Chemist: 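Structure below; questions to follow.
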Amino acid sequence: LTGHFIDENWSLHSVVLVTREMLDRHTGVNIADFCESLSKEFGISEISCIITDNASNMRVAVREMQVPHGNRFSHTLQLAIQDALKLPQLAEALKKSKKLVEHFHSSVYASNALKDAAKKHLNIEKTEEMDEKESKQFTLIQECPTRWNSAFQMMERLIKLKTPVYTVLHDSQITKAADRAKLEIPTSLWTTIEAAVLVLGPLAEARERMGCEDIPTGSSTYQLLKGIITGELAEEREQLATERDAMCDGTDEPGTEGERDLSKELKEKITRGLTSRFPVTSDGFIRDEALTHPFMKALVLDPRYKPCIILTEEQREKLHGIITNEMKGSEVEEVPQEREDLEPKEKVSRIEKYLMGDAYRSSANAGASMSTTEEPTEELDRFIGAPILQKPGEDLNPLTWWKQNEKSYPALSSLAKKYLAIPGTSVPSERTFSTAGATITKLRSSLNPENADKLIFLNKNLKKKTLKSTL
């Protein structure tokens, strides 16, 4: 169980609360009782949202606790893509790819020959000592069944090393003719692999973006979904496909009609999987029942996404009304302060352009001057009217913006701390499993659950200096 919050300096923290054994049956009611007891133990009086996977017992547990529930973006995307990977032609391509990768992994001779062929193909000089990270780029990646992005990485690496692989397989001194016949991937399946990589590439970028722990991700969830569903995230991948076609060598073939058909079918399959699991329409817009969700409140409080381009005008008005009503319940005295413009710090990334969509491409209206006393609607209107955090070279972390503008929007900043802390995935919890695996080993087979819990807690939290005075 992990906890997430924003401190007084507008730094986002992710902490491990417990890693405990649950002895009772894992029913929804028992999980709810377990989580509520942990909340009391840590003195947590308010929970803004709980992020879990899509298991029915977890949904029941959150409903029993009467707390808003958020689906894990990465897990839901995994389910949608796993369905798509079962397409017959793609399944066959994956089967052949895994068999080929397994061959190179099981043969040191073939693996070293592949590295040499790759260096020669890429005109890299041989050196006795090579950095481990640099050496890995010449190694094929095997798929992990529980991680769809590993299938993407496997196919992407195969495409990168396609010519070296071909060279090694057709070298009779390295590969036997009988083995080559079993391992060689037909041209039609190479086309399938290339098409799949073009479709899955943007999704892999989105998954990585949502796994960040130092910037808010919950507010990005529905923006990313719209980009995925409408195909906006695939625009530059299509450009890459065009470049690939122009640079193809004797073993490559330009994109074919079959490749385009597979890409279309793959996109449609993923879209159906996402729209059936998230409250979004087939054109990427949000359904009305999602307007009260914390992700939507985080969306409007994020200075990057506050135009809410994924909503209709009527939905925007409803969401603004929800925010205004919540502001009325927070009594905060405003301290006048001029807004400080942010200094350019980093180049805007491609994924951020996609996330902000039309908001990035259009200019924002200048904000109105603030008054010392104003109604919640006036404060919200002033915030909405302020320039969007969008400039190329500008620090795109919304927490940096809020740190500099907190006193200008006292009531909204209180809500921003509450909702921008909500993660879009349960990646922090998943990373704790890796720590647990390194802690509970065969050499520590007698380690009792209580001590394991303490060791993992210290391992994950002790090095976070800023938490010493907070926890």
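Residue indices begin at 1 and follow the sequence shown. Since the structure is predicted, the reported quantities are computational estimates derived from the model, not experimental observations.
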Chemist: Ser11 and Asn9: side-chain donor and acceptor closer than 3.5 Å?
Modeler: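 Checked: Ser11/Asn9 side chains show no N/O donor-acceptor pair below 3.5 Å.
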Chemist: Hey, what do you get for CD1 (Ile51) to OG1 (Thr2), rounding to the nearest 0.5 Å?
Modeler: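 Result: 9.5 Å between the selected atoms.
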Chemist: State, with a plain yes or no, whether a side-chain heavy atom of Ile384 is found less than 4.5 Å away from one of Arg316.
Modeler: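 The answer is no, as the side chains (C-beta and beyond) never meet within the 4.5 Å cut-off.
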Chemist: Checking Ser414 side chain against Ala411 main chain: does a donor-acceptor pair fall under 3.5 Å?
Modeler: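 Between the backbone of Ala411 and the side chain of Ser414 there is no qualifying donor-acceptor contact (under 3.5 Å).
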Chemist: With under 30° as parallel and over 60° as perpendicular, where do the rings of Phe383 and Trp401 fit, or are they tilted in between?
Modeler: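 Taking Trp401 first and then Phe383, their aromatic rings stand perpendicular (interplane angle over 60°).
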Chemist: Quick one: are Leu38 and Leu17 in side-chain contact, heavy atoms under 4.5 Å?
Modeler: no
Chemist: Is the ring pair Trp10/Trp402 parallel, tilted or perpendicular, if the boundaries are 30 and 60 degrees?
Modeler: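 Plane angle under 30°, so parallel.
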Chemist: Any side-chain to backbone donor/acceptor pair from Gln142 onto Lys98? Under 3.5 Å, distance only.
Modeler: yes
Chemist: Going by atom types only, do Ser48 and Tyr419 share a side-chain donor-acceptor pair under 3.5 Å?
Modeler: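 Side chains of Ser48 and Tyr419: no pair found under 3.5 Å.
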Chemist: Just verifying a value: how many Å separate Lys418 NZ and Cys49 SG, rounded to the nearest 0.5 Å?
Modeler: 11.0 Å
Chemist: I'd like to know if the side chain of Asn405 pairs up with that of Ser408 as donor and acceptor (distance under 3.5 Å, no hydrogens or angles considered).
Modeler: no
Chemist: Short question: side chain of Asn325, backbone of Gly321 - any donor-acceptor pair under 3.5 Å?
Modeler: yes
Chemist: Ring pair (Phe, Tyr, Trp, His ring centres under 6.0 Å) with Phe295: which residues, sequence neighbours excluded?
Modeler: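 Scan of Phe295 (ring pair (Phe, Tyr, Trp, His ring centres under 6.0 Å), adjacent residues dropped) gives His293.
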